[in-house]
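Step one of this worksheet: look at the structure below.
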Amino acid sequence: MSQEGYDHTAVEKRWQEAWDDASVYHTPDEADDPTYVLGMYPYPSGKLHMGHVRNYTITDAYARYRRMRGDDVLHPMGWDAFGLPAENAAKERDTNPRDWTFDCIDTMRGQMRSMGFGYDWDREITTCTPEYYKWNQWLFTRFHDAGLVERRDAEVNWCPSCETVLADEQVEGDAELCWRCDTPVEARELDQWFLEITEYADELLEAIDDLEGWPNSVRQMQRNWIGRQYGTTLDFEVSEARSASNGRGEGTEPREYGPVEAFTTRVDTVYGATFFALAPDHPISEELAAEDDAVHEFVHHEADPEGDEPNGVETGLTATNPATGEEIPVFVADFVLSDVGTGALMAVPAHDERDHAFATKMGVEIRPVVAPEPDDWDGESVPDAPDVSEEAFTDDGVLIDSGEYSGLDSETARERLTEDIESAAESTQYQLRDWGISRQRYWGTPIPVVHCDDCGPVMVPNEELPVELPEFINTTGNPLDAAEEWKETTCPECGEPATRETDTMDTFVDSSWYFLRYVSPDLDDAPFDLDRANDWMPVDQYVGGIEHAVMHLLYSRFFTKVLADEEGLEHREPFTNLLAQGMVQLAGEKMSKSKGNVVSPQRIVDEYGADTARLFMMQAAQPERDFDWSEEGVRSTHRFLSRLSDLVEDHAAGDGGTSDGGDGTGDDADDRDAADRDTIDDYVADEVDAAVAIAGAEYDDLTFNVALREAQDLVGTLRSYREHADPDPETYERGLGVVVRLLAPVVPHLAEELWAALGRDGFVVEADWPTATVDRETVEKRRRLVANTREDVRDIVDVAGIEDPERIDVVVAPDWKYDALEIAIDSDADNLISELMQESHIREQGDDAASYGQDLQANREALRETLSGDDEYDALRAAAWLIEREFDAPVRVERAADADDAVVGKAEPGRPAIDIVE
């Protein structure tokens, strides 16, 4: 092998061109329910980064695997091409977003081709083209017709740097920073267009349980974001305390703030409410902040909703408990959130951990009103109060010190109190809010609305779509507001002069249905072909980053459900299986330009080849886990591929093995005992079958690292086989063909090259996946036996200091020990030895049986099944050549009946006795 290895540049270029010429990856429209494999499409930033390469290698490997298993496969690619970064880049470069975006796409498409990703480029989509965003506008109109679009004044998240509105999901961290530029976000009142995702809140939540192919972490994140709670709303009359009102002058009546609605899931604890709490941005809090320095300081400078402990400030107000008439103090507290419940809550420190921590800090009374239900409770007596001095009692129980409700269980009390309190009503609350899609930027889909002085907002008729963007205007503020000629139009309803809507859509609209457009990307009379979508969707395997767990995935689910209701889609979820891939790191840190620790994929391709990058990345860790990029790991991977290339090329050239056996014994291979040769061939044939069985199952589960380890270990076995003796041609050739196919999903270029070198017909990408009829459990038992035996030989050689063993004897345990082990595994008897001695053939072994029985009794928790005695004998005979190669000595495998009793006594199932003759 040369120092440089195989010529990866020539190999990769040759097969990429061959695939293109043969349209290998094209999915015809008439395909019947293809396996749909999709990676989240990228934003065209200009260059692929390692996160892209990992994501798309995962989907490409799985798509290739499914194709080899005989599936039609849909594996498309497109571009999430609208968005603020392109607009900012265009401003910086004094160009326009469209030219900059398409230049980036050209670069990244070329990089994807160089990586060998097998996409159906005939289905490529680009969201910033009118041919695509026309259907964003059509869908907006369709949602409007379905009553799911609303325009209203709303307090919005405003990024002063990006000069645009952000969805709640785009505001990040404790400091509430813009997800794009890390600028602190401000609150503003603006007219906004909303998609009413809350209309689907219940289905979005309840259907999560059926997403069995999604990671539990992602499912829980969506549950938390939707945040449904069942409870009770009730009004607390809030007013100024009398002492505070007297401070404004004798005879002054306390200022009334009216009834303030609170939401609680535990109205059964209402008699224990000892304070009332408002969110820092509650209207009353803001009113107080304008006139009270302490409240102002807290609201604007001290409140920390994400802090380790709750904080707050007393207001001088009181709230009247609607159940008891008691006046309790009102605090502004940072653990109360305006977007959860109503932004106001009754605080019950004895029965809520946050309330308890706050009350302890502020010196507020902690009054228990629910006690644990005693085991012998008669349903009438009132239990003793729990000790809540150190922590709250948060479970349901029995009410105490709650007037006429004392003695009721919590659930009954909740029903009764909700009925009896005049202002109380059952309520379901959500954290989820409607999706504000208005953005005050240029590079996005124009919202298809015309504003008429007489008719109000009017939808642009479908036949006038798309409303295309005007030429780019480099300005501050909302660029479309400056497009005076473009803005001027006529009202579709009355024909009078009107003005176009100048907001554009949140780019998450683009990605909420793009997977449907791949089904029929050139269709010009609908966003997608309904019949084909019903046949091809949902996506079978979706892959992308965990950062999209809420926004993109939740919006896509919402769109799919609306399209099912309004357009006849026959599925209500877009993605059957989801894999959230881990990050590629360098020295434990996420790669980023700002840290200067970015590894260029193109450099790796140029230096080592795409196959090396792909294989290293896929073998380094399970796809959902982070892993560290390692240059030495890349070099090692490249060396492996070079050795594999040499192995196949040598075989193709007729150099099938060595002439002297290669075992160092001096025996000619032709003189080797035929029976020994047969067992070696059997071992290799078994390992080939084992690799097929295990790798296929691991590819199915997307645990590529395990599948690749099987392929790489098989390469090592074949190399040893070739060096030890002239291999059986049929066994060796089959092994090479299997290795090439097992690696083909991940190293497609070299696999094609080696497939051709083996003289096989067609492309390996279209070859049948290898098959094997083998029990994986049996394989694992056999491998464990061989590994343990080799390890035991090593230990004996090391401990005894044996430098040149003359012979190694491996003795299989007697049959009665296998029977005893099986009884021990199946038994639940306390006295195992007694149970064993009921078997006459075991009892006959006398002290040996008793001693072995004691060992089994002592290790019962760790016992596991082994091969049968006969199967162990056969497996060890087949693997003996591996021990011979390692220790340069002949190996004799014996049954117990043929061996010395002293040696036999040490043999156990799965752990044969070892006797080394010096």
Is the closest side-chain heavy-atom distance between [X] and [Y] below 4.5 Å?
X    : Y    : result
C159 : C181 : yes
H548 : M40  : yes
W158 : L190 : yes
E573 : L211 : yes
E199 : L148 : yes
Y200 : R572 : yes
I197 : L432 : yes

Could you tell me whether the side chains of [X] and [Y] share a donor-acceptor contact shorter than 3.5 Å?
X    : Y    : result
Y271 : N321 : no
S427 : Q429 : yes
D434 : T198 : yes
T703 : Q622 : no
R557 : Y555 : no
T232 : T264 : no
R219 : Q222 : no
N224 : Q220 : yes

Notebook entry, point to check: For the rings on F194 and W435, is their centre-to-centre separation under 6.0 Å?
Noted result: no

[atom1]/[X] to [atom2]/[Y] distance, rounded to the nearest 0.5 angstrom?
X    : Y    : atom1 : atom2 : answer
T318 : E327 : OG1   : CD    : 4.0 Å
E196 : F558 : CD    : CZ    : 8.5 Å
L702 : E624 : CG    : CD    : 9.0 Å
Q585 : D626 : CD    : CG    : 4.5 Å

Check: If you measure from the Lys or Arg side-chain nitrogens to the Asp or Glu carboxylate oxygens, is any gap between E547 and K590 under 4.0 Å?
Finding: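 A salt bridge is absent here (no side-chain N lies under 4.0 Å from a carboxylate O).
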
Note to self: Could you check whether any side-chain N or O of Q431 sits under 3.5 Å from a backbone N or O of I226, counting only pairs where one atom can act as donor and the other as acceptor?
What the structure shows: no

Next item on the list: Indicate yes or no for a side-chain donor-acceptor contact from T269 to the backbone of R266 under 3.5 Å, with no hydrogens or angles considered.
Entry: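 Answer holds: yes.
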
Locate the shortest heavy-atom distance separating [X] from [Y]; write the atom from each residue and the value.
X    : Y    : value
F298 : D334 : CZ-N, 3.8 Å
H296 : A289 : CB-O, 3.2 Å
P305 : L337 : CB-CD2, 3.9 Å
F515 : S511 : CE2-O, 3.9 Å
V336 : A344 : CG1-N, 4.1 Å

Next item on the list: In sequence, state the C-alpha distance, the side-chain angles, and the governing distance for R625 and Q581, and then conclude on side-chain hydrogen bond (donor to acceptor under 3.5 Å, both in side chains).
Entry: CA-CA 7 Å; R625 295 183 180 172; Q581 95 276 2; over 6 Å; no

Hey, is [atom1] on [X] packed in by over 12 heavy atoms from elsewhere, all under 6.0 Å?
X    : atom1 : answer
D830 : CG    : no
E291 : CD    : yes
E256 : CD    : yes

Item checked: Parallel, tilted or perpendicular: rings of F575 and H552 (30°, 60°) ->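 Ring orientation, 0 to 90° scale: tilted.
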
Next item on the list: Could you list the residues that satisfy side-chain contact (heavy atoms from CB on, under 4.5 Å) with T428, not counting sequence neighbours?
Entry: R228, Y230, Y430

Next item on the list: Go through the structure and list residues passing side-chain contact (heavy atoms from CB on, under 4.5 Å) with E189, not counting sequence neighbours.
Entry: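 By the side-chain contact (heavy atoms from CB on, under 4.5 Å) rule, E189 matches D153, E155.
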
Next item on the list: Take F358 and F335, measure what ring-ring contact (aromatic ring centres under 6.0 Å, His included) needs, and give me the verdict at the end.
Entry: CA-CA 9 Å; F358 187 86; F335 68 90; 5.4 Å; yes

Check: Which one of V543, V218, N55 satisfies the side chain to side chain contact (heavy atoms under 4.5 Å, CB included) criterion with L579?
Finding: V543

